[in-house]
Structures are given as C-alpha cells and as structure tokens.
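To start, the structure itself, in structure tokens.
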Amino acid sequence: MDYALERFTAEVTQVLVATGRVPANLIELTTPKPNIPADLALPMFKAAKELGQPPPRLAAELAAAITLPPDSLIGAVTAVGPFLNFSMHPERLAAAVVSEIQATGVNYGHQDDGAGHRIVVDYSAPNIAKRMHVGHIRSTIIGQALVNIYRTLGYAVVGDNHLGDWGKQFGVVLASVERDGKPSAQGEAALEALEAQYARYAAAAKEDPALDEHARLWSLRLEQGDPQARALWQWSVDLTMSAAQRNYDRLGVHIDHAYGESFYEPMLAGVIQDALTNGAAFRDAEGAVVVENLEHLPTFLIQRKDGGTLYMTRDMATILFRVREFQPTQIVYVVGEPQSLHLRQLFALVRTMGYTTTSELIHVAFGTVFDGEGQALSTRRGNMIYLETLLDDAVSRARAVVERKSPDLPEAEKNAVAEAVGVGAVVYNDLYQDPKRNITLDWERMLSTDGNSATYLQYSHARCRSILRRASEDGGASADGDLALLTHPSETRLLKHLARLPEAVREAGARYAPFVIADWCYTTAREFGVFFEQCPVLKADSPALRVARLALVAVTATALKNGLGLLGLKAPERM
RNA sequence: GACCCCGUAGCUCAGUGGAUUAGAGCGCUUCCCUGCGGAGGAAGAGGUCGUGCGUUCGAGUCGCACCGGGGUCGCCA
C-alpha cells in the first residue's frame, strides 16, 4: 500500500535526484516542526559540506533547478536559509487522502511491512488463584495494543498469556482449599475469598509446622502429577481464567494461547542440561546450577541446591518452546520494569546457549503504579486496586455523566456508552504516555472527560457521526462533490494529519509505543474540533462544498475509529 | 557498592541532532451559544528543559560526572 504521504515523500526524493545536483545518499528528508509552514524539509548542511558550498546557496540553487511533474502532490518548493522546504498541493492532497481513506475504510492504516514475519507477544500473565491487579492491568492493556499494532503492520502475531500457574505457593493454595473448602462466590469475588483463605493458611502454618508440612506435601503431590492434586489445581486455573475472561471481554482483549508456566515442567531438566553442556552454567559445591560472569551481569541460578527449578528455568524453556513452535522474528515481553534485570539475564543466557539465533528478544518495560500518597500499590499495604472493581467503579462514574449529559438516550444505550467511556478511561490511562514512566493513580485525571482523555476522543467521533446522521436525514441535495474545494486552512491541517495515520502506526510499532497512536488520535480530535468550529458542513456555502465536507467528516470518523480500535477503545455512534 | 528507569510550565505529559517564539492537557484569567453535539472552540499568564563540563557548524535531544526520585542485585515470581 502506497499512502499519499509516502507518495509525496517519494516524489520529493525523485525531483531532487532529477536535478542531478545532489546525490541520493545525501538526501535525508525530515518532518519540520509544526511552526514551519512546510510538510517535508531537506536540511542542506551535509550535502553542502560534501559539495563545498554554503548551505543557503545550495538550497536556493536546488529550489531553482527543481521541476515539478504535472499532477504532482508537491505544491511548493522554497529555500529558506539552509533548508529546502516542500509543501503539499492542497487540492490534490485533499483528493488523494479522502479517496484513499474511503477506499480502504476499516483497513486504513494497514501496512504489509510484517509480511512473512511472526511476533510473539507475552502479556497479561495473571497469577492463578489471585485477582488481577494494577500490574496485570498495565501488561494486559499495553500488550493488547501492541498486538493490534503489529497485526495492522502485517505481522503474524501470536499472543501468549504466560500464566503464573506453578510454583511452591500452590502447596498452600491446595492445602487451604482442602481445609476451608471452595469459595462459593463468582468472578473476582471468588478469587478474593481464595486469597483470604491462602493468607489465613499461610499465617497459621507459620505457627504450626504440621500445616506447613502438609502444604509442602500438596506441593509435592502436584509436581508428581497426583490426580487429586492435579484436579484441584485445574479447578483453581479454571476459576481464575473465567474471572479473567470477563475482564478481557470488557477490555477487548483476546490472547491466542495461555500455556502458562506449568506447561514447561517437562522441558526443565533438558534446558538445565543444555546450559551445563554448553558451559554457560556450572554446578557448584552445594549442587545448585549457577550462571556466572555472563556479560558482566550479576550471578544467578537456574536450579536450586535441592534440585528445584526457578522462574528463570521456566523462562528458558518458554523461549526454547516459542522459537521451535512459532519461529518468531521477535518475542516481545510486556513485563514490569522491576523485572528488567531478570530479563536481561534470561536474554543473555539463551543467546549464549544458541536458543535464539533468529529471534530478537524485547522487553517492553512499564513503570510502577503509585497511589495518591506516593506509595506503591501492594496487597500487603492494603491499597491494592483490582481490575474488576476498577472497571466497575469507572463505568458507574461514567454512567452518572451520561445521565447528566444525555438524559434522552434509551437506557440500554446509556449503559453501553457508560461501559465504553468508563472502560475507555481505564485503558487510556495506561496508553496515553510512555509506559516506562511510573504512574500515579489519579482518579480525577483518569476519568476526566476533557482534554487529552479517551472521552474527548470518543466524543469527537460521535460528533462526526452526528453530522453524518443529520445529513442523511436531510436527504441532502445530491450534488456532486469536489474534494478540491477542501482548501480552508483548518481543512488542510486536518487532511494532512489524517494522512499521517499509517506513519504513526509504523512508528508505534518500531518504538513499542502505543502512545504514538494515542497522540495521533488526540491531535486528530483537536484538528477536527477546529475544523468543526470554523467550517459549517450541513450549511456550507455551496452544495458541492457540503458534499466535500461531509466526505471529510466521514473519513475523519473512519480514521479516528481505526486509531481508537488500535488502542482497544470503542467508538460509540452517540454518547 | 554495582547496574537499570525517570527528571521539560504549579500538576500530568509530548518533543529519538537542526529553522526568530521548546509544544499540549489540567488548573488559573478572559472571551465565543440568531451555525451541524459546550463532554466544544479562541486568547492570555506561566519555562535557568535537574546541575556542570564536553562532542558538534548546530544539543531539551549525543557523551561523561554529579544531584534528586523510583527500582533491582545466586536458591520468590
């Protein structure tokens, strides 16, 4: 797909080369800052140095030497000091952008960059027998946005939910269920009860060695595949996943696989042996398997002295499996920043072991969530926030706003809008900025309905749709439109920005940064807001202009909806 | 002690070497409803880009050092 902006860039390069005065390898085009009235610029510093001329003179000479082909997307070429500036041709830009969005529709923004490549994205990763909390929320939301972005770029994407479904703590889980029974509640409430049982049992076991021993026994039975232990474990997995699924459905999250840590149990002896054979690791005097001096990283273990395996061991096996099963060009881990050392060690180890000769390993790290007092959210502190209650709370607040702003909507639609707006606010809170930053949970900021907020984006879309609804109710004068009439400055700005979606998707993918899409959506909404204020659509000066503006409104709605979809946000028709 | 992330307006954030004036939102001060959704639009005040040295024709952007905040560091995940 050659989008208008790409054709424009290609044309600029072409006309520059055609002058014969500047070699192609010295042409590095840049996008000028917004206050510069141009769409593409060539800074002449490098070329001027190479050719032994002052930059401004070279710029002026090139400007004079360039000839534009007929019907060029380039509207103007001007030398400004040491810069050679290129502007788009407004009329042709309008025609090109509107018609390409009309033609591609829901696929506007798609690329085929990723054709033939597969990416595995590891995200969400809830712990079994526990509720999903803020950490999982970030991973889930950022991960799903990345999955959407890579699919749009044409990659085959495999999402994998790396469940925390294994480890010593399951001995306590099973023992506590045996002692206290299964909770009767539903959804996350059932998990909450299970967490409480767990805590009670763990506390009691500290006092009573018999209980502790009993838990260890359950742990052992589970690892040895005892049917009763296995069945109880499976029950806890199912309970957790059905609660998680309700949240996933609300968030528009779909994860292809959920192998989980337990899946890799049979491979663990093999990867430890591989590391020993390869020489990356050695067995120390006490029997633990140690990795030392690897790329100047701190020493770490891949097997305990008692023979037990570790998180690291399972992660090694996970990579081996993913490489064999999917042959990905990349494996992307959407995991909290505190685990960055762990992942650096893991990546370095499997690299030296030769597990990943063709797969690049990427850690998309996200920061920690703090409460209003600047305390990290934690179960122990009692300030933890859980996904289901977070969503419910946000939706009920949104419901109150809908009631106030749109009392005339049917009840069912009010509820649907509140769900879209409330959930959207939670999602956007994790996507509007660089994930590396720590974030403070600020309800006011998160649920704000103006400025750079999910609601503002959804509202802008709804306004577009509202105009289009009214236009079709009018029946409208069925005049022929002329897209070349869209030359008002606010129209041109909006059009130029709409043309940037494909490039924004590309940048978001290259930087593992959904906020690039969020930024694009926000600027789209702003540019539309200005246009809406300055350019009457239904009461445009002429029927032809009205038709052209309706087309612009329609493609704005389409493009904005696509952008919102990449982030996992719904775009209601009314709100 | 070592290593990782962050430091830009009162607050939350964009800005990944280039152009008199470093951009948004929130908050604050004013405007705009005889035009399509005011969950909007316009204008204004508000900045030693943590500090210093360096690299470069050019640094918020790259390097080094320091300061401040967050985090991690062999038998948890």
Side-chain angles (χ1 to χ4, degrees), chain A residues 30 32-36 38 41 43-45 48-49 55 80-83 85 125 127 164 166-169 261 284 286-292 296-306 308-312 314-315 336-342 344-345 365-368 370 374 376 401-402 404-406 421 432-434 436-440 442 444-445 448-453 455-460 462-471 474 507 510-511 513 515-516 518-519 522-523 525-526 528-540 546 549-550 553 574-575:
Chain A
T30 61
K33 290 187 173 173
N35 58 324
I36 308 299
M44 302 306 311
F45 304 99
K49 197 169 194 176
V80 181
F83 294 89
N85 289 341
N127 290 320
W166 210 241
K168 288 200 298 194
Q169 76 278 14
E261 292 183 54
D284 75 4
E286 297 192 295
V289 178
V290 183
V291 178
E292 219 172 51
H296 306 292
L297 292 165
T299 302
F300 60 97
L301 300 185
I302 61 173
Q303 186 174 31
R304 288 191 255 133
K305 67 182 174 196
D306 68 2
T309 57
L310 295 152
Y311 187 43
M312 185 67 79
R314 292 188 278 278
D315 273 355
E337 202 276 336
Q339 293 195 49
S340 66
L341 175 58
H342 166 77
R344 281 211 294 156
Q345 291 170 322
F366 55 82
T368 307
F370 295 92
V401 178
V402 173
R404 192 168 75 246
K405 304 275 187 184
S406 307
V421 169
Y432 81 99
Q433 67 182 45
D434 190 323
K436 280 198 293 290
R437 286 176 173 278
N438 293 338
I439 59 178
T440 298
D442 175 351
E444 197 143 327
R445 166 74 187 78
S448 141
T449 58
D450 39 38
N452 189 359
S453 69
T455 311
Y456 173 61
L457 306 182
Q458 291 167 323
Y459 177 69
S460 302
R463 285 169 114 187
C464 291
R465 301 301 308 169
S466 166
I467 294 173
L468 297 167
R469 249 191 331 268
R470 280 171 161 268
D474 282 4
E507 187 189 340
R511 295 175 59 185
F515 78 84
V516 171
D519 259 8
Y522 175 57
T523 305
R526 278 185 55 80
F528 173 74
V530 177
F531 160 78
F532 181 84
E533 206 70 22
Q534 299 185 352
C535 299
V537 177
L538 297 176
K539 298 187 177 169
R546 176 185 143 116
R549 282 186 175 161
L550 281 170
V553 171
R574 297 189 292 186
M575 57 188 277

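In what follows, chains are A, B, ... by sequence order, proteins preceding strands, each numbered from 1.
A:Gln345 places a side-chain N or O within 3.5 Å of a backbone atom of A:Pro298 that can act as its donor or acceptor partner. Remark: side-chain polar atoms of A:Ser406 are paired, donor with acceptor, to backbone N or O of A:Met575 under 3.5 angstrom. The closest donor-acceptor contact from the side chain of A:Arg549 to the backbone of A:Pro536 lies under 3.5 Å. The backbone N or O of A:Asp519 lies less than 3.5 Å from a partner atom in the side chain of A:Thr523, making a donor-acceptor pair. Looking only at distances, no side-chain donor or acceptor of A:Asn85 sits under 3.5 Å from a matching main-chain atom of A:Ala41.
As rounded to the nearest Å, B:U51 and B:G68 have P atoms that lie 15 Å from one another. For the P atoms, the distance linking B:C67 with B:G23 amounts to 33 Å, nearest Å. To the nearest whole angstrom, the two P atoms, one in B:C53 and one in B:A14, are 28 Å apart. Nucleotides B:A22 and B:G58 have their C1' atoms positioned 16 Å apart, rounded to a whole Å. Taking atom C1' on both nucleotides, B:G52 is separated from B:A39 by 47 Å, rounded to a whole Å. Separating the P atom of B:U29 from that of B:U72 is a span of 42 Å, rounded to the nearest Å. Separating the P atom of B:C62 from that of B:G18 is a span of 11 Å, rounded to the nearest Å. For the P atom pair drawn from B:C64 and B:U55, the interatomic distance equals 15 Å after rounding to whole Å.
Here A:Tyr459 contributes atom OH and A:Asp450 contributes atom CG; the two are 11.0 Å apart, rounded to the nearest 0.5 Å.
Rounded to a whole Å, the CD atom of A:Gln458 is 16 Å from the C1' atom of B:G40. B:C6 atom P lies 11 Å from atom CZ of A:Phe515, rounded to whole Å. The distance between atom CD of A:Gln433 and atom P of B:C5, rounded to the nearest whole Å, is 18 Å. For A:Phe528 and B:A42, the CZ to P distance is 13 Å, given to the nearest whole Å. A:Asp519 has its CG atom 18 Å from the P atom of B:U12, to the nearest Å.
Along RNA chain B, the nucleotide nearest A:Glu507 and the nucleotide nearest A:Arg344 are compared for position; the residue whose nucleotide lies closer to the 5' end is A:Arg344.
Look at B:C28: its glycosidic torsion is beyond 90° from 0, and that puts it in the anti range. Annotated as syn: B:G74, whose O4'-C1'-N torsion sits within 90° of 0.
The side-chain hydrogen bond (donor to acceptor under 3.5 Å, both in side chains) check on A:Ser460 picks up nothing, with sequence neighbours excluded. A search for ring pair (Phe, Tyr, Trp, His ring centres under 6.0 Å) contacts involving A:Phe532 returns A:Phe528, not counting sequence neighbours.
A cation-pi arrangement is found for A:Arg445 relative to A:Tyr432, the charged atom lying closer than 6.0 Å to the ring centre and inside a 45° cone about the ring normal.
Here the side chains of A:Gln433 and A:Ile439 are in contact, with some heavy-atom distance below 4.5 Å. Residues A:Arg344 and A:Leu341 meet the side-chain proximity criterion, which asks for heavy atoms closer than 4.5 Å. Residues A:Met312 and A:Leu301 fail the side-chain proximity criterion, which asks for heavy atoms closer than 4.5 Å.
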Collect all protein-nucleotide pairs involving nucleotides 17-24 of chain B in which both atoms are nitrogen or oxygen and the distance is under 3.5 Å.
| from | atom 1 | to | atom 2 | distance (Å) |
| --- | --- | --- | --- | --- |
| B:A19 | OP2 | A:Lys33 | NZ | 3.0 |
| B:A19 | N6 | A:Asn85 | OD1 | 3.4 |
| B:A19 | N1 | A:Asn85 | OD1 | 3.0 |
| B:A19 | N1 | A:Asn85 | ND2 | 3.2 |
| B:A24 | O2' | A:Tyr522 | OH | 3.0 |

Set out, line by line, the N/O atom pairs under 3.5 Å between protein and nucleotides 70-77 of chain B.
| from | atom 1 | to | atom 2 | distance (Å) |
| --- | --- | --- | --- | --- |
| B:G70 | O2' | A:Asn438 | ND2 | 2.9 |
| B:C75 | O2 | A:Lys305 | N | 2.8 |
| B:C75 | N4 | A:Glu286 | OE1 | 3.1 |
| B:C76 | OP2 | A:Lys168 | NZ | 3.4 |
| B:C76 | OP2 | A:Arg304 | NE | 3.4 |
| B:A77 | OP1 | A:Arg314 | NH2 | 3.0 |
| B:A77 | OP2 | A:Tyr311 | N | 3.1 |
| B:A77 | O3' | A:Glu261 | OE1 | 3.4 |
| B:A77 | O3' | A:Glu261 | OE2 | 2.8 |

Expected output check: what is the dot-bracket annotation of RNA chain B, where ( ) and [ ] are pairs inside the strand (brackets for crossing ones), | is paired with another strand, and pairs are Watson-Crick or G-U under 3.5 Å?
(((((((..((((....[....)))).(((((.......))))).....(((((..]....))))))))))))....

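Comparing B:G41, B:C6, B:U12 against the side chain of A:Val530 picks out B:G41 as the nearest.
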What string of B, S and - do you get for nucleotides 30-39 of chain B 5' to 3' if you count protein non-hydrogen atoms under 4.0 Å?
-----BBBSB

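Considering every non-hydrogen atom in both A:Val553 and A:Phe531, the closest pair reads CG2-CE2, 3.8 Å. Here the shortest heavy-atom pairing between A:Gly164 and A:Glu261 reads CA-OE2, 3.4 Å.
Between A:Tyr311 and A:His342, the ring planes are parallel. Angles under 30° get that label, and only those over 60° would be called perpendicular.
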